[in-house]
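Reviewing the structure listed below.
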Amino acid sequence: MSKRKLKETSSANGECISQVQRILRERFCHHCTTGKLFGIDQQYKHLLELLKRTTLHGESNSALIIGPRGSGKTTLLNHVLKELMEIKQIRENLLKVHLNGLLQTNDKVALKEITRQLHLENVVGDKVFGSFAENLVFLLEALRKGDRTSSCPVLFVLDEFDLFVHHKNQTLLYNLFDISQSAQTPVTVIGLTCRQDVLELLEKRVKSRFSHRQIYLMNSFDFKQYIKIFKEQLSLPAEFPDEAFAQKWNNNIQVFKVLNTFSRKTFKALRAYKLMLALRNVTVHHPLVAVADLLEASKQRSVDSQANIVHGLSVLETCLIIAMKHLNDVYEGEPFNFQMVYNEFQKFIQRKAHCMYNFEKPVVMKAFEHLLQLELVKPVERPTVRAQKEYLLMKLLLDNNQIMDALQAYPNCPTDVKQWATSSLSWL
Amino acid sequence: MNTRQQSKRIYAWFGRPTSSDRKLRTLQYKGFLIKSERSQTETCIQIGEFVLVEGENADRPFVAQLLDLYEDGAQQKHAIVQWFSHITEVPQNKRKLLKREIPRQEVFFDQVSGYDTDIAVETIIKSVTVIPLHPGETLPIVLNTEQTFYVKQSWDGKCFKPLSPDTFSKLKEANKKRGDSPKFLPKSPLYPLDVICALEEETERVVQSVTKNKDVEMEIESKHSASKSSVSKERHSRRIANGMKTPTARKKLQLNSPTKSPQSKLSGQDVLELLDDCGAASEPSATKRKVKFTGILGSPPKMSCRNDEPKSKFGSAECEQSLSDTIRLSPYIKARDSSKEEKNLHMKEDSICLIGHQKVGSVSPVLTPRSHRKCALRTSARIAEQISLLNILEAEKEEDFLPSSDASYSSSEEEENEVLYTPKRNSKSRRLFSTPKSSRKSSVHTPAKTPKKTPLPTTPKTPRNATPEIPKRSHVAQKPANILEEARLRLHVSAVPESLPCREEEFQDIYNFVESKLIDGTGGCMYISGVPGTGKTATVHEVIRCLQQAAENDELPSFQFIEINGMKLTDPHQAYVQILEFLTGQKVTATHAATLLSKLFCTPGPKRKTTVLMVDELDLLWTRKQNVMYNLFDWPTQKHSKLIILAIANTMDLPERIMMNRVASRLGLTRMSFQPYTYKQLQQIISSRLSNMKAFEEDAIQLVSRKVAALSGDARRCLDICRRATEICEFASQKNTSRVVRMAHITEAIDEMFSSPYINAIRSASLHEQVFLKAILAEFRRAGVEEATLQQVYHQHVALCRIEGMQSPTVSEIMAVCSRLGACRLLLVESSNKYLHMRVRLNISQDDVMYALKDE
């Protein structure tokens, strides 16, 4: 009976939890516009006013939204657009063109995309577009025809703006900015980029035509703000079906006030990623997020990938890495070759012959090649046919600290090897 | 019609010169022949007829009436014409004076003074009909709309007037005369004439093949001879008249003489047969002649050696001429073996020719009884005239010719007498091959050809020409609601001010330059330089606007304005395409456009307007061979181009820096540089735009002007800052208290636009990012080099973390931090595949980093 009841509650819980997971995942992963924006009210207003003026007054503009990755540039724009689209007058008036520097890798592709998104290809019928030059003339002609008061404003959104800068002659940017500075079809060019020096990349005549409006997203929050954001992000919305569960969940989130343990280290990293990992632990039997989960998640996030690889190496390979570490110490980071590593290893074997099996040279070579494959060592220059493998100069891609840490965590590491790792001197 | 077709027309004078002016060295003619190379047909156009003259736009030739024909001292054929204007040639703003729809066929009697009425004969395409109508009359419906034009009114550049009765009657008369004259003789029963012609061609061909006169040579030589001071003018002119039609014609003959000329429909074989027949009929010694031909064919060395001499002497070696030359000169060079036979031959030919003439007279009445008398009369008159002319020429020639004092000369003179018939007779017989075009006009014999030439039903407009358009907005744009919005509107760069303040001097210079060139009707280049945002393009536009205004008010000759922008071209060569499209509306490939344009600008064209071409962002037209720039700057130096180029670029020393000497030299030294605006000028610009609006404080304007002037002098920047300041002001004073832009707003706007983002970026960076930057600084200081590997920085980072009591991050985390800073370009990092050995540099100065991190 009680077991059955437990099962029932757990199934109900399970439903709730899957819903919670869905909601939160949506919130973190998609650029969904339901959530709130934090600390960028000013930028939000600025952008909103800018776009409003474009649509309502037909004023041409250009602006750049600059901020580091994950600072919410696209989210900001989406929020603004969402609000704009709620106004009927604007919804019916605005044409949008979205370009991405990673997709439109040159002006030709970009032009085609613009024409497609403006639905101008209907004008040319089913005729396939001609040359690049024709395309450009066509588009410029189309945009020149309009004027401030009668044409529909066009919003150009250039994602990864810095990549457009590298197009030949910056033709596209010049033309877009030129249109925005002349009495043609009203356009607003919004560029999104994470590069702070993007203005210096523009050619001087292109730069002159750009209006120099820059909207910076810095999210320089302090720790308290961060906790607030964190809580708001994790809280369930009011319209969540199972009220009791929502209550419980939200209360639990409030408890995170003790989250000061949540170290300042993770302060600034991508929040969505972190929380996703934490969310994974929320299961039927463990319905509420605990501090430990978060810590665990953050630990998982911060795990050193290279050191992880070292954990999976054989003792021989570990020995080789230790030998390389000593070589690095002796020669101050100069490159080494296999022969040197082998010699160093031999010295160790001769000292500790009683506990280490003396491997043949080919076997050691094989182990070395395995390390090469794992990219723990890297050749200084490209291997040539003529150079013998043994004498190819290599560099170790591991730091001493990493090696020591990895050895600490290495299961069943022979004591001699550990000793050897700490010091290469023979009398120890 | 493209260049290829045009090149295939050959022009020759019709008949002898009617009069000559020895002082001016001109010869008047009363008509000329156009031989179309493609269809192998000939048309004769005489004074008083109406013609189409090729213009810039091949689809829209000009209409004109021939008033006079003459050949000048340099053997150039000239025609004096009375122009007729299409409605498209009338300026747009004057068209509404007519207050009615103008059909395509209607033209206006042109009394505009500016047009050059002296044109090259080579630009005439064909003859057409122009019918004068009384103003009330409606246009009759005629099938071949391309051939007939109607004139109701005259146009003198200012207004339209009904035709004066005098001109009306003159036009009417011209038409009547033309209608009466039997220009196209029936062709069906004219075997002998055809044969003569064929024979003529045959001889040409033979001689040509024998003497190995290459076509190219011919061309060169005929050109050469044109420039040479003539030893004997008459002969030269004659030779050139012939030469005009030779080079390609002969080639074609050689190639396809076995096929046929379309009119006669005689294959080479037929011709030969007919030749036989005719020879048998009219000449008893036809066989002899044939033998003679083969004889010539069989003895090339003889002929060639003989031909060398005339070539060297007269420069131009025209086929027929060369034959006659050969005959004429045979006494000198003692080529006795065949001269006699040749003499015979020519005698024969001449007699055939005469027979031909008679036949013309006798045959034509059958078909065109009305014109019979006239035709006969004309023919006989022409013969008489020719003979008389010939005597004159002979007399002249004797003066000019090097007296050889050879006894045989007198005898050869007699031959010459006869030989001289040949070109004329030739032309006459050729005239019989009426072109399909002309035959349609006057004759009813070939009605079948008329429908063939009628314009095809217009093909549906190609989608390529479709004009794209951004959809119209569904709601009207809001009007500015308050003073700040109004100010913002006026301060937008795109807002065109009534006048351009602070560029009066530059304006005047450019204006004067273009104006003087316009008045002189010459071409020229001007190079304008200046940093961005100093009003170069705006000033040029302003100049053009003023000039257009002046042209509309008839103070200046009208001109057309073309604008190209190097940045709006995908490839420098596209400049040709755009210019051509502006000029003529044709869309062609770049290379073809280049040839068309150079033809357009390098050859004299009638009725040509001056073209003002603005080339913005000139530096982007640079190519490795610089041929685009070269052409652009070469055309204005051409005599007839009437092209004025205003080239705009940013750098002052562009001609010296990137142009080859020959390009820079053509660009000339007319240069102008726009200095960056001073703060006073910027102040004036803003004030003039605001024009008495109380939106800005005086100090605020001065502040922004001074700031921008100190920075770049870019007017665009200045306006943008002001615009932004109005926004900030609007923001700040939500409860509309003051609504005036103050210093504080300007300062905020300037800070927003010009403050370095780096300091802010560093300050808002996360803890570990800041520690990482500190670690970099520490490492730089330790190593003394402004570059470090990630591994070194990592060690510093770990040490710093220990000092600060933080948990030290793993290498992976450091990598993440590094790449984030790299993405912001606070750091310059190598590609990350080197892992720990990747090198790191700061993208900003160490001091900035220190400053940014100190406050923390």
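Proteins get letters first, then strands, A, B, ... in listed order; numbering begins at 1 in each. When reading the values below, keep in mind they use all heavy atoms of this one structure, side chains included, and skip hydrogens, waters and symmetry mates.
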Would you compute the distance between atom [atom1] of [X] and atom [atom2] of [Y] and round it to the nearest 0.5 angstrom?
X: B/Thr810; Y: A/Gln402; atom1: OG1; atom2: CD; answer: 8.0 Å
X: B/Leu828; Y: A/Asp197; atom1: CG; atom2: CG; answer: 8.0 Å
X: A/Lys207; Y: B/Arg716; atom1: NZ; atom2: CZ; answer: 13.5 Å
X: A/Arg205; Y: B/Asp616; atom1: CZ; atom2: CG; answer: 9.0 Å
X: B/Lys568; Y: A/Ile179; atom1: NZ; atom2: CD1; answer: 7.0 Å
X: A/Lys168; Y: B/Asp571; atom1: NZ; atom2: CG; answer: 6.0 Å

(message) Taking the basic N atoms (NZ, or NE/NH1/NH2) and the acidic carboxylate oxygens, is any pair closer than 4.0 Å for A/Arg53 and B/Glu727?
(response) yes

(request) Salt-bridge test for A/Asp162 and B/Arg825: reply yes if a basic N is under 4.0 Å from a carboxylate O, no otherwise. (result) no

Which of the residues [options] is involved in the greatest number of heavy-atom pairs with chain B at under 4.5 angstrom?
options: A/Arg195, A/Gln184, A/Arg209; value: A/Arg195
options: A/Asn61, A/Val206, A/Leu199, A/Leu172; value: A/Asn61
options: A/Asp405, A/Ile215, A/Val154, A/Asn169; value: A/Asn169
options: A/Gly58, A/Ala183, A/Ser180, A/Gly67; value: A/Ala183

(request) Keeping the roles fixed (side chain from B/Glu752, backbone from A/Gln214), state whether a donor-acceptor pair exists under 3.5 Å. (result) no

Quick check on [X] against chain B: is it the side chain, the backbone, both or neither that has a heavy atom closer than 4.5 Å?
X: A/Gln181; result: both
X: A/Leu396; result: backbone
X: A/Ser150; result: both
X: A/Leu140; result: side chain
X: A/Asp178; result: side chain
X: A/Leu136; result: side chain

Do you know the tightest heavy-atom contact between [X] and [Y]?
X: B/Met567; Y: A/Asn175; answer: O-ND2, 3.6 Å
X: B/Glu617; Y: A/Tyr174; answer: OE2-OH, 2.8 Å
X: B/Ser494; Y: A/Ser182; answer: CB-C, 3.1 Å
X: B/Asp720; Y: A/Ser211; answer: OD2-CA, 3.2 Å
X: B/Tyr758; Y: A/Gln196; answer: CE2-CB, 3.7 Å
X: A/Pro68; Y: B/Cys824; answer: CB-SG, 3.6 Å

(message) Side chains of B/Leu489 and A/His57, heavy atoms from C-beta outward: is any pair under 4.5 Å?
(response) no

(message) If the condition is salt bridge (Lys or Arg N to Asp or Glu O under 4.0 Å), which residues does B/Glu563 pass it with, not counting sequence neighbours?
(response) none

(request) Using non-hydrogen atoms and a 4.5 Å limit, figure out which bit of B/Arg717 sits close to chain A: side chain, backbone, both or neither. (result) side chain

(message) What part of B/Asn650 gets within 4.5 angstrom of chain A, counting heavy atoms only: side chain, backbone, both, or neither?
(response) side chain

(message) Between B/Leu836 and A/Asp399, does the side-chain contact (heavy atoms from CB on, under 4.5 Å) criterion hold? Intermediate values first, please.
(response) CA-CA 8 Å; B/Leu836 277 176; A/Asp399 192 57; 3.8 Å; yes

(message) Is there a side-chain contact (heavy atoms from CB on, under 4.5 Å) between A/Val137 and B/Gln574? Walk through the geometry before answering.
(response) CA-CA 10 Å; A/Val137 171; B/Gln574 288 295 323; 5.9 Å; no

(request) Establish, from distance only, whether the side-chain atoms of B/His795 and A/Asn400 form a donor-acceptor pair under 3.5 Å. (result) no

(message) Let's go through A/Lys204 and B/Val531 carefully: what are the C-alpha distance in whole Å and the side-chain angles of both, what is the deciding distance for side-chain contact (heavy atoms from CB on, under 4.5 Å) to 0.1 Å, and is it a yes or a no?
(response) CA-CA 9 Å; A/Lys204 57 185 185 305; B/Val531 292; 6.0 Å; no

(request) Take A/Glu59 and B/Glu485 through the side-chain contact (heavy atoms from CB on, under 4.5 Å) test and state the conclusion after the steps. (result) CA-CA 10 Å; A/Glu59 186 183 308; B/Glu485 284 180 6; over 6 Å; no

(message) Below 4.5 Å, heavy-atom pairs only: which of B/Asp714, B/Thr570, B/Leu826 has the largest tally toward chain A?
(response) B/Thr570

(message) For the interface with chain A, which of B/Pro532, B/Ala495, B/Ser712 has the highest count of heavy-atom pairs at distances below 4.5 Å?
(response) B/Pro532

(message) Checking A/Phe210 now: which residues fulfil ring-ring contact (aromatic ring centres under 6.0 Å, His included) with it, not counting sequence neighbours?
(response) A/Phe177, A/His212

